[in-house]
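The next block holds one structure in the form of structure tokens; read it before the comments.
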Amino acid sequence: DIVMTQTPLSLSVAIGQSASISCKSSQSLKYSDGKTYLNWVFQSPGQSPKRLIYQVSKLDSGVPDRFSGTGSETDFTLKISRVEAEDLGVYYCCQGSYSPLTFGSGTKLEIK
Amino acid sequence: QVQLQQSGAELAKPGSSVKISCKASGYTFTSYYISWIKQTTGQGLEYIGYINTGSGGTNYNEKFKGKATLTVDKSSSTAFMQLSSLTPDDSAVYYCARGTGYWGQGVMVTVSS
């Protein structure tokens, strides 16, 4: 199975500041169709997960443009600019290029 | 709008089985696979597998073969997951999802004698 390694495990950010989360996969996520199936999923406390970004950098409908995703092959980054209180929770990267789909262990974002 | 409504929490005894449901609405049910994901504090998010809602074909994560059985009822736009031979390690929140874009609210399964 593809191993997804996220860092840091947690971070504390003041409102209005930016946050960055790294995700590395154990092998390239570029699929045979040329696309890279790397998603970012967010889970606020007590809620079910919600996808924010798919295929590395495409924002899901309704996701504020404060969120951005970059990367390729095995290295990916989620950046949140101008953090807001509603952003607190756990962020997971998730690959869908190989079966089974696998998730990172999560990064907990706390508001300083 | 797309919605996945899951059944309620389950309390089960070791060795028994539970069957949880996921009712879809807001889209053509048979046009998208339904996936199932397990969440625990210790193991995080684990992919169980998916069912082709049109054909009923399934694909399981090796880890969950023999543990989970996925089925579907097209007439009610509902997907089901049965978990068998339950042990305390099966205690978790189980989500259904349409791809990774839409998730149900989750079902907490607690296995205890």
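Note on naming: letters A, B, ... go to the chains in the order of the sequence lines (proteins, then strands), and numbering restarts at 1 for each one.
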I'd like to verify something: which residue of A:Pro49, A:Ser105, A:Pro100 has the highest number of heavy-atom pairs under 4.5 Å with chain B? A:Pro49

Output the option from [options] having the highest count of non-hydrogen pairs under 4.5 Å with chain A.
options: B:Gln105, B:Gln39, B:Gln43; value: B:Gln39
options: B:Val93, B:Asn61, B:Asn59, B:Leu45; value: B:Leu45
options: B:Gly101, B:Gly104, B:Ser35, B:Gly99; value: B:Gly101

Checking heavy atoms, do the side chain of [X], its backbone, both or neither come under 4.5 Å from chain B?
X: A:Tyr54; value: neither
X: A:Ser99; value: side chain
X: A:Gln47; value: backbone

With a 4.5 Å limit on heavy-atom distance, are the side chains of A:Ser18 and A:Lys79 in contact? yes

Side chain to side chain, B:Val107 and B:Val18, heavy atoms closer than 4.5 Å: no

For B:Glu62, is it the side chain, the backbone, both or neither that has a heavy atom under 4.5 Å from a heavy atom of chain A? neither

Checking B:Ile48 against chain A: side chain, backbone, both or neither under 4.5 Å from a heavy atom? neither

Is there a donor-acceptor pair under 3.5 Å between the side chain of A:Ser81 and the backbone N or O of A:Arg66? yes

Determine the sole option in A:Thr102, A:Thr36, A:Asn39 for which the side chain to side chain donor-acceptor pair (under 3.5 Å) test with A:Gln95 is passed. A:Thr102

Dump the intermediate steps for salt bridge (Lys or Arg N to Asp or Glu O under 4.0 Å) on A:Glu86 and A:Lys50, then the final yes or no. CA-CA 13 Å; A:Glu86 65 186 26; A:Lys50 168 191 170 184; over 6 Å; no

Carboxylate-amine/guanidinium contact B:Lys63 A:Asp1, below 4.0 Å: no

Geometric class of the A:Tyr37/A:Tyr31 ring pair [parallel <30°, tilted 30-60°, perpendicular >60°]: perpendicular

